[in-house]
Amino acid sequence: MKLFVYFILSVIICLPANGQTHKKLSTICDSAFLEKHLIDPIQFFPVPTAKQNFWRDSIPWKMQKSYIDLGEKYIDSPWNTIPLAIFAEYKSNGNRINYESRYMTIRKQLSCLVMAEIMEHQGRFIKNIIGGLKQLNSEIWWGVPAHYPTTQPKADNQVVELFSAETANLVAWTLYMLHDELEEQKPGICECMKKEIRRRILIPAQTNRYDWKKSTSNWNPWICSNWLSCILLCEDNRQRQIESIRQVLQCLDIFYDNYPDDGSCEEGIMYWDRSAASFFECLYLLGKATNRQILSNDPKLKNMGAFCYNIYIGNRQFINFSDAQPKTPIHPNISLLFGLYTNDSSLMSFSLWRGLFDNMSETPSILFEASGNFPTLSRELLFLHQYPSYKNIQPAEPQKQDVWLPNLQLFSAKDDNKSTKGHFVAAKGGHNGESHNHNDVGNFIVYKDACPILIDIGVGTYTAKTFSDKRYELFNCRSAFHNVPIINGMEQHEGKQFRAKNVKFSNKKKRVTMSIDIAEAYPKEASVDKWQRTICLKRGEEVVITEEYELREYRQPTEITLICCGKVKYNGTNEIIINNGMSQGTLYYDSKQFTPHIEKISYQDPVIQNSWGEKTLHRISLTIRSHALKGKICYSIK
């Protein structure tokens, strides 16, 4: 279903950093276009407000009630102020959780109360919502300590970052949806909060040259999507409105110019929601504000949406390179709109497939409560507004048999094109200077019947160390805890120059193969000229890994490291059995080539624990026996 009337625009073709050509947003939506088509200030009506009957008439009662029930959980909850001493903890000990958990709770509480009032519309939640707005107004700054330059926030330094922008967006949509209801009980509160949005977000975002404005990471579109909402809902001056949107478009051009044409998100699946999806959200909002559909037929945009199902494994799991968890929810309140916009039936079907979420009832409030850091009110409302469009979409789990993303240098393949039965293998090249990088060039994973055998441990709890020069002291970021070799005692090194080369992909009916030279991912002390790793799925049989190498000198034994999930049994010959409780895989190797060693991985990280549950993680080291400078070795998983 098309959301808007198509509009043909003349475009300029530019050559972005990745060597591809596409349309520039700042040219498509230039100043003349904005003057002509952009809605006047404070005239943006993206969805019906709460007092309109749409929410009671068009949304099924069972869904309405789920939001009301969720709001009732918070109706008597106090609004707890966060002591500034907790804000200061981050600079002293690197702890993010103490402040952020309290911070997120306040915003979650407000979001749920607002949704409940929209659905019920009897004024029962208004008093509590006003309390929430007052609580936010009392906060000196709306962001989190990890993103602030000093130990304590200052009223005259309103830094615009991810969560200050998110908070402003939440407030802006609350005021839009419930303006009359709030004013009836607390006259003047809406204008007071709009002034805060202008002071805290709109003015500093327009007047400061923040680094994120030139970023190619998720910070750019994530902040821009929230900034854009605030411009459209709260900016009352036409000149400032157009100038701010012009700046948003320039930011988005930088992001889109550098985004690969295959749609792959180098930051991993956890950040797809706030990189590609936030970029789309900006297009969607611009479309609403101009009554034009922008870039909807652009192939790269469609590929960006498809990424989330291109790296899907099965059983609610994704290929989790970079800072990602294997079970990262794809939230339908943005992915379904993305699929509708680009006419991607697979993305639409995947978005409505209920298997994506644990413990999901027939109502969506559970998803809303579990959405990201805190529920995104704007996305939920835009999603529900399109509810009548969802009736003919058939939910389905993706079953892509093979995927090759050349820009990311990632491939995946599985035995069966209709189910998750059998082997699944994925591997990634790239470089070690990627956003949210782990030193993992050439890393691969193996699942069997959609259950983990050889894994990528994934992201841990974020602390000050995570985004510092000590990042690679964290075990989950080191190559020693990925499925790559330790060559001459040396791990891979961070930096864009440490990369893969000679990457080749071959897809035949019974064999899917990726070959990659990872030698340049290691420092010169590794004394390696070539390390050609070939990963092959022989459908219905096994996954075979071949390592062909050339060293300049032999310094100490080289190890092949393999991280596995579950119980490990070594039979003393040439087999290691890995049992994850749901399925079993066997690692076969030549005992003449390798000496095996198995160790349990001990950790206390709750995020990693959440990824793998009660399953024990082990590290298998296959030490190469030969001291020769050239060699070819092989092992397999069945």
Side-chain angles (χ1 to χ4, degrees), residues 74 77-111 113-114 128-175 182 186 188-213 219 222-227 229-231 233-235 240 244 372-378 462-464 467:
Y74 298 98
S77 298
W79 295 100
N80 295 320
T81 300
I82 313 173
L84 287 177
I86 297 177
F87 189 100
E89 280 186 1
Y90 175 77
K91 289 291 190 291
S92 62
N93 61 23
N95 185 294
R96 295 179 59 146
I97 301 301
N98 286 347
Y99 186 88
E100 289 183 13
S101 60
R102 292 168 172 82
Y103 171 97
M104 301 300 179
T105 297
I106 292 168
R107 286 141 178 85
K108 175 180 175 181
Q109 186 175 334
L110 179 58
S111 301
L113 289 166
V114 171
N128 299 88
I129 293 168
I130 290 172
L133 293 174
K134 287 181 176 179
Q135 166 61 37
L136 292 179
N137 196 35
S138 72
E139 293 181 3
I140 297 172
W141 181 61
W142 281 345
V144 297
H147 302 157
Y148 201 76
T150 58
T151 303
Q152 296 288 0
K154 299 176 182 178
D156 61 355
N157 187 15
Q158 293 297 317
V159 177
V160 178
E161 49 78 76
L162 301 177
F163 299 110
S164 62
E166 282 268 309
T167 301
N169 184 41
L170 168 59
V171 174
W173 278 83
T174 298
L175 302 180
L182 292 166
K186 185 69 175 176
I189 189 171
C190 291
E191 185 53 36
C192 174
M193 295 307 298
K194 283 184 179 181
K195 285 181 179 178
E196 286 301 300
I197 289 172
R198 293 171 192 139
R199 181 178 73 87
R200 295 170 184 255
I201 299 296
L202 293 179
I203 293 173
Q206 183 180 325
T207 57
N208 285 282
R209 296 181 178 181
Y210 292 115
D211 288 343
W212 54 259
K213 289 185 173 184
W219 275 63
W222 187 346
I223 294 174
C224 282
S225 62
N226 292 294
W227 182 17
S229 272
C230 293
I231 296 166
L233 292 170
C234 300
E235 180 54 76
R240 291 197 302 264
S244 293
N373 294 288
F374 54 91
T376 304
L377 180 65
S378 57
Y462 281 172
T463 66
F467 299 104

Hey, are [Y] and [X] close enough side-chain-wise for a donor-acceptor pair under 3.5 Å?
X	Y	answer
Trp219	Glu161	no
Ser164	Arg200	no
Trp173	Ser229	yes

Looking only at heavy atoms, which two atoms of [X] and [Y] are closest? And how far apart?
X	Y	result
Leu377	Ser111	CD1-O, 4.4 Å
Cys234	Ile197	SG-CD1, 3.7 Å
Pro153	Trp141	CB-CB, 3.8 Å
Val159	Tyr148	CG2-CE1, 3.9 Å
Tyr103	Thr167	OH-OG1, 3.1 Å
Lys154	Ile140	C-CG2, 3.7 Å

Got more than 12 heavy atoms from elsewhere within 6.0 Å of CG, Asn93?
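Atom CG in Asn93 is packed in, count exceeds 12.
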
How far does [atom1] of [X] sit from [atom2] of [Y], to the nearest 0.5 angstrom?
X	Y	atom1	atom2	value
Cys192	Lys134	SG	NZ	10.0 Å
Met193	Arg198	CE	CZ	12.0 Å
His147	Phe467	NE2	CZ	7.0 Å
Glu166	Ser225	CD	OG	7.0 Å
Asp211	Arg209	CG	CZ	12.0 Å
Leu84	Tyr99	CG	OH	7.5 Å

Mind running side chain to side chain contact (heavy atoms under 4.5 Å, CB included) on Lys91 and Thr150 for me, showing each step along the way?
CA-CA 8 Å; Lys91 289 291 190 291; Thr150 58; 6.0 Å; no

Tell me, do [X] and [Y] make a side-chain contact under 4.5 Å, heavy atoms counted?
X	Y	answer
Thr174	Leu170	yes
Ile201	Gln158	no
Leu182	Ile129	yes
Pro375	Lys108	yes
Ile223	Lys213	no
Asn226	Leu162	no
Thr105	Ser77	no
Tyr90	Val144	no

Between Phe163 and Trp222, does the ring centroid distance fall short of 6.0 Å?
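Yes, the ring of Phe163 comes within the 6.0 Å limit of the ring of Trp222, centre to centre.
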
Does the side chain to side chain contact (heavy atoms under 4.5 Å, CB included) test come out yes or no for Leu202 and Ile231, once each step is laid out?
CA-CA 7 Å; Leu202 293 179; Ile231 296 166; 3.8 Å; yes

Run the side chain to side chain contact (heavy atoms under 4.5 Å, CB included) test on Trp212 and Val160 for me, step by step, so that the C-alpha distance in whole Å, both residues' side-chain angles and the decisive distance to 0.1 Å come before the verdict.
CA-CA 9 Å; Trp212 54 259; Val160 178; 3.9 Å; yes

I would like to know whether Phe87 and Arg102 meet side chain to side chain contact (heavy atoms under 4.5 Å, CB included); could you show each step before the answer?
CA-CA 11 Å; Phe87 189 100; Arg102 292 168 172 82; over 6 Å; no

State plainly whether the residues Glu196 and Arg199 are in salt-bridge range, i.e. N to O under 4.0 Å.
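Answer for the salt bridge query: yes.
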
Check: Leu136 main-chain N/O paired with Trp142 side-chain donor or acceptor under 3.5 Å:
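Yes: the side chain of Trp142 pairs with the backbone of Leu136.
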
Only one of Thr81, Asn80, Ile82 clears side chain to side chain contact (heavy atoms under 4.5 Å, CB included) with Ile106; which?
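In the set Thr81, Asn80, Ile82, the residue that makes a side chain to side chain contact (heavy atoms under 4.5 Å, CB included) with Ile106 is Ile82.
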
